[in-house]
There are 2 protein chains.
Amino acid sequence: MDSEVEPDTRVLDAADALFYAHGVQAVGIDRIRDAAGVSLKRLYRCFPSKGDIVEAYLRRRDEISRAALEEHIAGYATPREQLLGMFEWLRAWFLQPGFRGCAFNNAFGELGAGSEAVTEVVRGHKAALRARILSLVEGTGVADPERLAAQIVVLFDGAITVATVTGSPDAALQARDAVAVLLEHGAPAGESGGTGEPGGSRTSGTSGTSGSRDD
Amino acid sequence: MDSEVEPDTRVLDAADALFYAHGVQAVGIDRIRDAAGVSLKRLYRCFPSKGDIVEAYLRRRDEISRAALEEHIAGYATPREQLLGMFEWLRAWFLQPGFRGCAFNNAFGELGAGSEAVTEVVRGHKAALRARILSLVEGTGVADPERLAAQIVVLFDGAITVATVTGSPDAALQARDAVAVLLEHGAPAGESGGTGEPGGSRTSGTSGTSGSRDD
DNA sequence: ACAGCGCGAGAACGACCGTTCTCACGAAGG
DNA sequence: CCTTCGTGAGAACGGTCGTTCTCGCGCTGT
């Protein structure tokens with residue numbers, strides 16, 4: 001009952017586990033071949049190059065994670081609770097053994113400018129997430145949905161990054177609480193979000209040794 | 001005036017630019033050697049292995065970015081403005097040509113579990129950032145500094161991730177505005193931050209196909 | 001029975017990896 | 001002067017990469 005599934009699926013299953021666990025560049029074709037139990041010839045018939053496997057790996061992760069998130073938030077009644085529930089979902093993900101961060105962020109950081117296809121899939125994944133969050137935010141009847149949605153996206157990705165590095169799932173709840181506050185008190189007292197200075201009283205320059213090399 | 005600097009510095013300069021632009025694994029020793037204009041023998045005397053170059057690369061980025069951030073926020077008068085000013089600093093960083101995300105996140109995603117030394121440097125960098133943010137938050141006299149600091153860290157890292165993927169610096173300002181709101185209205189109406197449900201009314205299960213493969 | 005064909009197993013290939021070794025050269029010391 | 005030693009340039013090494021090629025086996029049709 002293992003060798004009855006389609007070879008492409010077996011290859012993608014193997015590639016998914018290996019790419020996610022060790023990174024794309026660290027995993028060779030032979031290793032995927034071994035794990036999938038597929039001949040090299042068949043593997044190259046399903047996917048003409050390693051780049052195609054990587055792209056399919058990310059596209060499938062995109063579909064699966066979108067469906068899983070959708071299924072999870074379907075259990076909540078209101079858009080507000082769905083928005084908060086997304087971070088419970090994040091927490092459950094962080095707790096899974098073998099959690100190693102966002103596959104899209106990892107792939108983008110690893111291949112980045114090198115692969116146009118990867119960039120496109122990663123951008124699409126993040127854009128879809130943002131669109132979904134925006135639709136939920138609009139359902140809450142808040143004053144400036146675009147703005148709040150952008151902030152929630154930042155909290156979402158930030159929670160993933162923090163959880164990845166620290167190894168703790170707490171960031172999900174911290175982010176969720178921040179979302180709750182932002183939902184309650186939409187806009188701050190003063191300015192509205194442009195490039196303006198926060199309060200004034202800036203005294204020294206930004207230049208100096210901080211020129212070209214940073215974080 | 002270029003060949004008068006120490007060879008280690010020339011090697012690190014070259015490695016820094018190449019590692020950050022193309023990723024660690026994508027850059028070979030020969031390429032660093034060419035860019036640094038140093039003999040292979042000398043390079044291996046300065047750094048006995050590529051892993052040592054990677055570690056030194058991250059350690060120097062850590063020092064430089066900490067100093068640059070410190071220098072920037074020194075221009076603000078109050079802790080509150082310093083916290084908000086950190087996101088102006090982020091925005092300036094995002095706007096630099098060649099910005100390709102956080103070198104620590106990228107290296108961690110790429111090498112991850114594979115390198116103990118890299119993990120330690122990345123964790124140290126993030127922990128230092130968190131400690132600095134916490135010290136500033138404590139200066140604002142807010143009710144629960146640990147909690148707000150954790151949220152700001154999430155917004156900080158989230159802004160970096162979003163800016164990296166979208167290529168736009170807007171995330172810095174969106175995060176800054178969120179920090180402003182959180183500074184104004186510390187705790188939400190109900191619970192204080194535990195694992196408790198936000199409002200209740202959860203109806204369906206979390207299980208199903210969302211088991212093992214996610215974002 | 002036999003020609004033909006598709007397939008799996010894995011060798012082969014050229015390129016590149018990180019690292020080490022060779023070797024000629026040039027300055028320093030007696 | 002000659003010796004010695006550290007150095008730079010780069011060849012060499014073993015290994016791995018992604019990809020292609022070879023070969024022999026087992027099925028199919030008549």
Side-chain angles (χ1 to χ4, degrees), chain A residues 2-58 106-107 109-118 121, chain B residues 2-58 106-107 109-118 121:
Chain A
D2 181 31
S3 55
E4 303 215 354
V5 303
E6 300 286 324
D8 352 14
T9 307
R10 289 224 306 282
V11 170
L12 267 189
D13 286 343
D16 184 277
L18 290 168
F19 283 160
Y20 183 69
H22 310 293
V24 170
Q25 312 217 56
V27 172
I29 292 282
D30 297 8
R31 210 141 141 228
I32 297 173
R33 192 203 76 116
D34 289 347
V38 159
S39 88
L40 215 47
K41 179 177 282 190
R42 183 178 285 281
L43 188 151
Y44 270 97
R45 178 127 39 76
C46 296
F47 303 96
S49 79
K50 187 184 182 182
D52 294 301
I53 308 180
V54 174
E55 195 180 328
Y57 150 68
L58 291 178
N106 291 346
E110 197 172 350
L111 310 171
S115 167
E116 186 55 53
V118 165
V121 178
Chain B
D2 180 29
S3 56
E4 302 216 353
V5 303
E6 300 285 325
D8 350 16
T9 307
R10 288 225 305 283
V11 171
L12 267 189
D13 285 343
D16 184 278
L18 290 168
F19 283 161
Y20 183 69
H22 310 293
V24 170
Q25 312 216 58
V27 172
I29 292 281
D30 297 7
R31 210 141 140 228
I32 297 173
R33 191 203 76 114
D34 290 345
V38 160
S39 89
L40 215 46
K41 178 178 282 190
R42 182 178 285 282
L43 188 150
Y44 270 98
R45 177 129 36 76
C46 296
F47 303 96
S49 78
K50 186 184 181 181
D52 294 301
I53 308 180
V54 174
E55 196 180 329
Y57 150 68
L58 290 177
N106 291 346
E110 199 173 349
L111 311 170
S115 167
E116 188 55 53
V118 165
V121 178

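Quick note on labels: first sequence line is chain A, next is B, and so on, each numbered from 1.
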Hey, mind stepping through B/Ile53 and B/Phe19 against side chain to side chain contact (heavy atoms under 4.5 Å, CB included) and telling me if it holds?
-> CA-CA 10 Å; B/Ile53 308 180; B/Phe19 283 161; 4.0 Å; yes
Using a 4.0 Å cut-off on protein heavy atoms (strictly under), produce a 5'-to-3' string for nucleotides 16-22 of chain C with B for base contact, S for backbone-only sugar-phosphate contact, and - for none.
-> --SBB-B
Return the nearest nucleotide to the side chain of B/Ser39; candidates are C/dC7, D/dG8, D/dT7.
-> D/dG8
Test side chain to side chain contact (heavy atoms under 4.5 Å, CB included) applied to B/Leu111 and B/Val54, step by step = CA-CA 10 Å; B/Leu111 311 170; B/Val54 174; 4.2 Å; yes
Could you tell me which non-hydrogen atom of A/Tyr44 sits nearest to which non-hydrogen atom of A/Ser49, and how far apart they are?
-> CE2-CA, 4.3 Å
So, the side chain of B/Arg10 versus the backbone of B/Gly37: is there a donor-acceptor pair under 3.5 Å, distance only?
->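 Yes: the side chain of B/Arg10 pairs with the backbone of B/Gly37.
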Please answer whether the main-chain N or O of A/Leu43 pairs with a side-chain N or O of A/Arg33 as donor and acceptor at a distance below 3.5 Å.
-> no
Step by step, would you call A/Val24 with A/Val118 a side chain to side chain contact (heavy atoms under 4.5 Å, CB included)?
-> CA-CA 11 Å; A/Val24 170; A/Val118 165; over 6 Å; no
Distance check: side-chain N/O of A/Arg42 vs OP1/OP2 of C/dG6, anything under 4.0 Å?
->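 No.
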What integer distance in Å separates [X]:[atom1] from [N]:[atom2]?
X: B/Arg33; N: D/dA9; atom1: CZ; atom2: P; result: 7 Å
X: A/Phe47; N: D/dT19; atom1: CZ; atom2: C1'; result: 16 Å
X: B/Asp34; N: D/dA9; atom1: CG; atom2: P; result: 11 Å
X: A/His22; N: D/dT16; atom1: NE2; atom2: C1'; result: 16 Å

Go through the steps for B/Thr9 and B/Asp13 under the test side chain to side chain contact (heavy atoms under 4.5 Å, CB included), then give the verdict.
-> CA-CA 6 Å; B/Thr9 307; B/Asp13 285 343; 3.7 Å; yes
Applying side-chain hydrogen bond (donor to acceptor under 3.5 Å, both in side chains), name anything that partners B/Asp34, two or more places apart in sequence or on another chain.
->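 side-chain hydrogen bond (donor to acceptor under 3.5 Å, both in side chains) check on B/Asp34 returns nothing, list empty.
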Given Watson-Crick and G-U pairs under 3.5 Å, DNA chain D in dot-bracket ([ ] crossing, | other strand) is ||||||||||||||||||||||||||||||
